[in-house]
Novice: 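Got a structure here, written out as structure tokens. Questions coming.
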Number of protein chains: 2
Amino acid sequence: MTGDTVRYALFAEVFAALAHPKRLEIIRLLASGEDTAGGLADKTGLSKANLSQHVHILKARGLVHCEKRGAFCHYRLTSPKVLETCELVRQLILDQMDLTTQYRRQLASVAPLRKKGAS
Amino acid sequence: MTGDTVRYALFAEVFAALAHPKRLEIIRLLASGEDTAGGLADKTGLSKANLSQHVHILKARGLVHCEKRGAFCHYRLTSPKVLETCELVRQLILDQMDLTTQYRRQLASVAPLRKKGAS
DNA sequence: GGCACGGGATGTTCTTCAAGCAACGCGTGA
DNA sequence: TCACGCGTTGCTTGAAGAACATCCCGTGCC
């Protein structure tokens, strides 16, 4: 039981790393090839400090790898499985949208997560 | 750009739904077949109220489906892709562990996410 | 060496999430 | 009808996450 608990926590950590729009955007950018922190900050519109934080989270979870060359840090994805996971979730979302328009509206109105929008 | 932003947010919502140990445990339980809210609460050790909240999040993201039969709510996974995603992440974690023991220690000590453990 | 720049780390504030508790609606069976 | 069990919803409190500002360190250039 405890072992499972730890395992689930480990899973959750990885999912949590992916549970942010900007971090997903970073991953998508890195899918096109490695990039520097400055480049990522510029393309995502994040401040360097903020991007550094997000990248640190991705690094801590082992999703991206950092290689320091001179004054620049070059980031890249550690595994293509990261992209596969995103693709799978994309299909999951599309499936839900295809299933019923009802589900589609739920997903669209789910952003606040406070009001169920079903009023 | 804005469209991409929305898309990333949608992705993030789904990942966020998976970014909790107890919700992953619920998914794992539902992988064995549908179950009632009471059954899930009992097996996960959550209170009925708390479980209801977690299941609501999974429902809102379209990961589980609820069917009310009499006084009981029967929950089941909406798609096998949910399990596939978890499996992919599991392989991702195993890959990282295999890569280097260093990565393994990072993942193991990542829980607080504050101190990098590198003293 | 001195300076500017890229990148990371720290601290603060604000927002959001999670768990506990209590109360309610609802269907069931007596 | 009434009481009971099942499930959900509010509210509240505490903890985690995110954005921002600031400072520090290492590198490259003058």
Side-chain angles (χ1 to χ4, degrees), chain A residues 5 8-9 12-26 34-61 64-76 110-119, chain B residues 5 8-9 12-26 34-61 64-76 106 109-119:
Chain A
T5 301
Y8 289 131
E13 291 289 332
V14 175
F15 280 120
L18 296 169
H20 193 286
K22 286 299 180 185
R23 289 200 287 269
L24 291 173
E25 195 175 345
I26 292 170
E34 69 174 31
D35 203 344
T36 65
L40 291 173
D42 184 44
K43 289 163 188 163
T44 58
L46 293 170
S47 68
K48 291 181 188 297
N50 199 358
L51 180 120
S52 183
Q53 288 180 315
H54 284 302
V55 163
H56 170 70
I57 292 172
L58 292 173
K59 233 190 327 181
R61 265 66 173 200
V64 306
H65 180 72
C66 173
E67 186 182 348
K68 203 157 196 169
R69 293 204 286 269
F72 293 82
C73 277
H74 295 257
Y75 291 99
R76 60 176 175 80
V110 85
L113 195 57
R114 288 288 171 75
K115 48 195 71 170
K116 272 96 36 191
S119 70
Chain B
T5 301
Y8 288 131
E13 291 288 333
V14 175
F15 280 121
L18 296 169
H20 193 285
K22 286 299 180 183
R23 289 200 286 270
L24 291 173
E25 195 175 344
I26 291 169
E34 70 174 30
D35 204 344
T36 64
L40 291 173
D42 184 43
K43 287 163 190 164
T44 58
L46 293 171
S47 69
K48 291 181 187 296
N50 199 358
L51 179 121
S52 183
Q53 287 179 315
H54 284 302
V55 163
H56 170 71
I57 292 173
L58 293 173
K59 231 189 327 181
R61 264 65 172 201
V64 305
H65 179 71
C66 173
E67 186 182 348
K68 204 155 196 169
R69 294 204 287 268
F72 293 81
C73 275
H74 294 258
Y75 291 99
R76 59 177 174 81
Q106 276 189 345
S109 70
V110 85
L113 194 56
R114 290 285 170 75
K115 47 196 71 171
K116 273 107 19 197
S119 76

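Convention: sequence-line order gives letters A, B, ...; per-chain numbering from 1.
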Novice: Name the nucleic acid region contacted by Thr36(A), choosing base, sugar-phosphate or nothing; use a 4.0 angstrom heavy-atom cut-off, strictly under.
Specialist: sugar-phosphate
Novice: Would a 4.5 Å heavy-atom cut-off, applied to side chains only, mark Ile26(B) and Leu51(B) as touching?
Specialist: yes
Novice: Out of dG7(C), dA9(C), dT8(D), which has the shortest distance to the side chain of His56(A)?
Specialist: dA9(C)
Novice: CD1 of Ile26(B) versus P of dA19(C): gap in Å, rounded?
Specialist: 10 Å
Novice: Where the side chain of Lys59(A) is defined as all heavy atoms beyond and including C-beta, which of dG7(C), dT8(D), dG8(C) is the nearest nucleotide?
Specialist: dG8(C)
Novice: Without decimals, in angstroms, what is the distance between Asn50(B) CG and dG14(D) P?
Specialist: 17 Å
Novice: Can you measure Lys48(A) atom NZ to dG8(C) atom C1' for me and round it to whole angstrom units?
Specialist: 12 Å
Novice: Out of dT9(D), dG7(C), dT8(D), which has the shortest distance to the side chain of Ala37(A)?
Specialist: dG7(C)
Novice: Whole-Å distance between dG7(D) C1' and His74(B) NE2?
Specialist: 12 Å
Novice: How long is the straight-line distance from CZ of Arg76(B) back to NE2 of His65(B), given to the nearest 0.5 Å?
Specialist: 4.5 Å
Novice: For Leu51(B) and dG7(D), what is the distance between atoms CG and P respectively, to the nearest whole Å?
Specialist: 9 Å
Novice: Start at the 5' end of DNA chain D and walk down; is the nucleotide closest to Arg23(A) or to Ala49(A) reached first?
Specialist: Arg23(A)
Novice: Return the value, rounded to whole Å, for the distance between atom NZ of Lys68(A) and atom P of dG26(D).
Specialist: 9 Å
Novice: Rounded to the Å, how far apart are Phe72(A) CZ and dA4(C) C1'?
Specialist: 12 Å
Novice: Under 4.0 Å between a side-chain N or O of His54(B) and OP1 or OP2 of dT8(D)?
Specialist: no
Novice: What is the distance from CZ of Arg69(A) to C1' of dG7(C), rounded to the nearest Å?
Specialist: 15 Å
Novice: Please tell me if the side chains of Thr36(A) and Phe72(A) come closer than 4.5 Å, counting only heavy atoms from C-beta onward.
Specialist: yes
Novice: Establish, with yes or no, whether the OP1 or OP2 oxygen of dA19(D) is under 4.0 angstrom from a side-chain nitrogen or oxygen of His20(A).
Specialist: yes
Novice: What nucleotide among dG7(C), dT28(C), dG20(C) has an atom nearest to a side-chain atom of Ala71(B)?
Specialist: dT28(C)
Novice: Does a side-chain N or O from Tyr75(B) land closer than 4.0 Å to OP1 or OP2 of dT8(D), or not?
Specialist: yes
Novice: Provide the closest heavy-atom pair for Val64(B) versus Val55(B) in the form atom of the first, atom of the second, distance.
Specialist: CG2-O, 4.1 Å
Novice: Salt bridge or not between Arg23(B) and Glu25(B)? Use side-chain N to carboxylate O under 4.0 Å.
Specialist: no
